There are 2 protein chains.
Amino acid sequence: MESITVYDIAREANVSVATVSRVLNDTAPVRTSTRQKIMAIIEKHNFQPNALARSLVNKKTGMIGVLFPDSSNMFFPEVFGGAERAAQKLGFTLFLCNTFSNFSRESEYLNLLCERQVEGLLFMGGRINSRHCPEQLVQEVVDIQKRIPIVLINGSLPGHPCHRVKTDEYAGTQLIMQHLIDRGHRSIGFLGGNAETTTTMEKLQAYKSTLGANGLPFRKQIVRLGDFSMECGRKLMEQFLTMPNCPTAFLCINDYVAIGAMKSVISHGLRIPEDIAIAGFDDSQLASAMNPELTTISQHSEELGSQAMALLSRLIEKEKVKKLTVLEPKLIVRQST
Amino acid sequence: MESITVYDIAREANVSVATVSRVLNDTAPVRTSTRQKIMAIIEKHNFQPNALARSLVNKKTGMIGVLFPDSSNMFFPEVFGGAERAAQKLGFTLFLCNTFSNFSRESEYLNLLCERQVEGLLFMGGRINSRHCPEQLVQEVVDIQKRIPIVLINGSLPGHPCHRVKTDEYAGTQLIMQHLIDRGHRSIGFLGGNAETTTTMEKLQAYKSTLGANGLPFRKQIVRLGDFSMECGRKLMEQFLTMPNCPTAFLCINDYVAIGAMKSVISHGLRIPEDIAIAGFDDSQLASAMNPELTTISQHSEELGSQAMALLSRLIEKEKVKKLTVLEPKLIVRQST
DNA sequence: TTGTACGCGTTATCAA
DNA sequence: TTGATAACGCGTACAA
């Protein structure tokens with residue numbers, strides 16, 4: 001019941017707590033015989049030092065806080081899977097926090113993590129992707145950053161330089177748009193996303209620019225935003241399919257939206273890609289699971305996580321590192337285009 | 001840089017640390033004027049009490065350790081998503097640990113979590129689903145359980161009573177087998193899973209018994225195990241499709257295997273369900289995303305998580321609770337059967 | 001090689 | 001209503 005402490009060990013071994021601590025941390029020479037005696041007692045009671053007390057004096061917790069918007073979107077588990085592997089090698093432990101894309105929950109977790117003395121923060125989603133983020137929420141992060149290193153993944157804090165790791169979503173969008181155009185499509189719809197989200201706007205810009213570079217008109221009637229869900233993809237596509245001049249191809253904000261769109265197309269008895277081509281974004285598991293398999297853009301989700309973690313680790317060691325790391329996206333051509 | 005403490009606050013306010021602590025925790029009456037003075041200073045420096053020190057004296061961390069085998073299998077994020085929502089309401093925070101289905105990593109995390117003084121443990125996968133788990137690993141958990149409440153999700157520790165929450169996978173399998181049989185199938189293959197895994201064997205038993213109850217023979221040639229991945233489903237189905245007497249339906253260990261199997265079937269130009277029917281298990285996102293949509297069994301993944309968390313909370317409060325909670329599975333008939 | 005005593009940042013007890 | 005001061009469990013100078 002009452003947890004056993006170094007004092008208990010020390011008493012039983014007829015030594016001081018200092019000696020126990022020494023064998024625990026191998027921080028100073030201890031006579032072999034006493035070491036063994038102490039070790040035996042530790043084993044016997046299967047004593048585990050209290051990490052709280054330890055961290056309190058060390059001022060090190062080995063913990064990294066990770067904020068992400070939604071564990072039910074496969075993209076994020078993939079990212080923090082990568083981060084976790086990297087963390088393990090570096091001797092850190094992740095503290096995963098699902099913010100459910102809710103600003104106030106973000107704030108709560110931010111507080112919690114700081115109080116719990118995390119040594120660094122990995123930040124995804126929410127306010128760092130919000131176009132009109134209240135200045136107060138930005139400031140909150142900026143203040144924390146003065147004391148704790150933060151790495152932003154696929155996001156930024158407007159007006160404040162931060163360490164960031166991102167895939168070039170602009171280039172990714174160009175890549176896939178060009179692919180669609182090269183396939184002969186002249187009318188390409190844009191599906192999903194949210195006008196308040198920076199990444200959506202970035203992709204939309206790239207969409208527009210690629211159109212222009214190929215001498216194709218930008219028609220805002222075939223750009224339909226919404227959110228990032230399958231349901232959204234389905235609904236939007238339903239609208240298009242009853243339209244007179246339905247585009248022959250669609251670029252979707254992510255794989256989920258793409259899949260929703262596919263379902264709608266299929267339920268109308270149309271063929272993919274013969275009648276309508278559909279492209280996604282993220283290359284999550286879903287993309288290759290689908291039938292037909294989804295053409296998409298790989299963001300290298302796991303590497304995004306591992307690189308961010310590596311960067312954060314160097315930041316914690318107070319090394320000098322470059323502010324921005326950009327991963328090149330990759331076009332994954334499958335069957336849906 | 002140097003974090004600010006209650007002493008700093010106390011000094012600046014010309015009071016003692018005790019008083020600061022009182023306003024912080026509202027644990028004793030403080031004159032309104034001094035309270036306000038202190039609050040102002042706290043705001044000004046935006047002081048956050050050190051949770052480590054706090055927990056050290058309280059002996060409460062509010063942390064729940066969660067062990068799960070694989071964040072890239074959607075089933076688990078769904079479960080701990082449910083657990084997280086419940087935890088939030090109950091005032092707990094989850095410490096998520098991805099064990100990558102590795103026994104030694106499980107042990108490492110178990111240690112870590114204990115040292116970090118979690119108040120409870122949610123355990124999924126790994127050793128609690130292992131048929132031949134080394135006694136030492138079982139003992140490890142049993143020992144911890146003496147000090148810290150543990151709830152096992154969809155698993156057990158043979159020979160040791162534990163608090164458990166599970167869906168009735170046996171009943172679930174019967175449900176879906178009966179469905180297949182009712183659809184007229186007489187030869188039903190079993191795909192994926194692993195003979196070392198208790199859940200696999202449980203499903204296999206149910207498979208066998210349902211066959212028997214319907215006067216159908218059990219033929220072990222059409223039972224092919226492997227693992228829990230899409231790739232496994234694909235490979236196994238490839239084998240079947242070149243077989244002379246290929247079954248007309250397949251029950252897969254989970255949705256991933258089912259999807260792999262579907263891909264194989266489709267690539268051979270066969271139709272689902274007309275030529276071959278396929279059923280999954282778990283009702284993860286994937287199931288409804290597929291084309292055709294996958295018939296499967298819902299395990300109520302989120303509720304599994306929330307119920308486990310609720311149970312754990314009561315255990316922490318030292319309430320008396322029943323050892324076993326069983327959720328009824330639900331047959332979700334879609335297009336693949 | 002070992003022990004004493006203090007500090008880490010809080011909360012809680014007991015006086016005042 | 002407030003202030004000393006002793007825990008909490010551990011690491012570490014400093015001394016022996």
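Predicted model, so just to flag it, every value in this text is computed and none were measured. In what follows, every chain begins at residue 1, and chains take the letters A, B, ... in the order their sequences are listed.
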With a cut-off of less than 4.0 Å, is there a side-chain N or O of Arg54(B) near OP1 or OP2 of dT11(C)?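 Answer is yes, contact under 4.0 Å.
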Ser16(A) side chain N/O closer than 4.0 Å to the phosphate oxygens (OP1, OP2) of dT4(C)?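 Negative; the distance criterion is not met.
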Side chain of [X] only, please: which of [options] is the nearest?
{"X": "Val57(A)", "options": "dT10(C), dT1(C), dC8(C)", "value": "dC8(C)"}
{"X": "Asn50(B)", "options": "dT2(C), dT11(C), dG9(C)", "value": "dG9(C)"}
{"X": "Phe47(B)", "options": "dT10(C), dG3(C), dT1(C)", "value": "dT10(C)"}

For chain A and DNA chain D, what are the first and last nucleotides along the strand, 5' to 3', with at least one atom under 4.0 angstrom from a heavy atom of the protein chain?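 The contacted stretch runs from dG9(D) to dA13(D).
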How close or far is atom C1' of dA12(C) from atom CG of Leu24(B), stated in whole angstroms?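 Going from CG in Leu24(B) over to C1' in dA12(C) covers 14 Å.
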Between dA12(C) atom P and Asp26(B) atom CG, what is the distance in whole Å?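 The distance from CG of Asp26(B) to P of dA12(C) comes to 12 Å, rounded to the nearest Å.
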Determine which bases of DNA chain C form Watson-Crick or G-U wobble pairs with both distances under 3.5 Å, and write the result as a 5' to 3' dot-bracket string with | for other-strand partners. ||||||||||||||||
Please classify the nucleic acid contact of Ser55(A) as base, sugar-phosphate, or nothing, using heavy-atom distances under 4.0 Å.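 No contact.
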State which residue, out of Gln117(B), Arg147(B), Glu115(B), fulfils the side-chain hydrogen bond (donor to acceptor under 3.5 Å, both in side chains) condition with Gln48(A).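 By the side-chain hydrogen bond (donor to acceptor under 3.5 Å, both in side chains) criterion, Gln48(A) pairs with just one of Gln117(B), Arg147(B), Glu115(B): Arg147(B).
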Do other residues, nucleotides or ligands put more than 12 heavy atoms under 6.0 Å from the NZ atom of Lys322(A)?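 For Lys322(A), atom NZ is not crowded (no more than 12 foreign heavy atoms under 6.0 Å).
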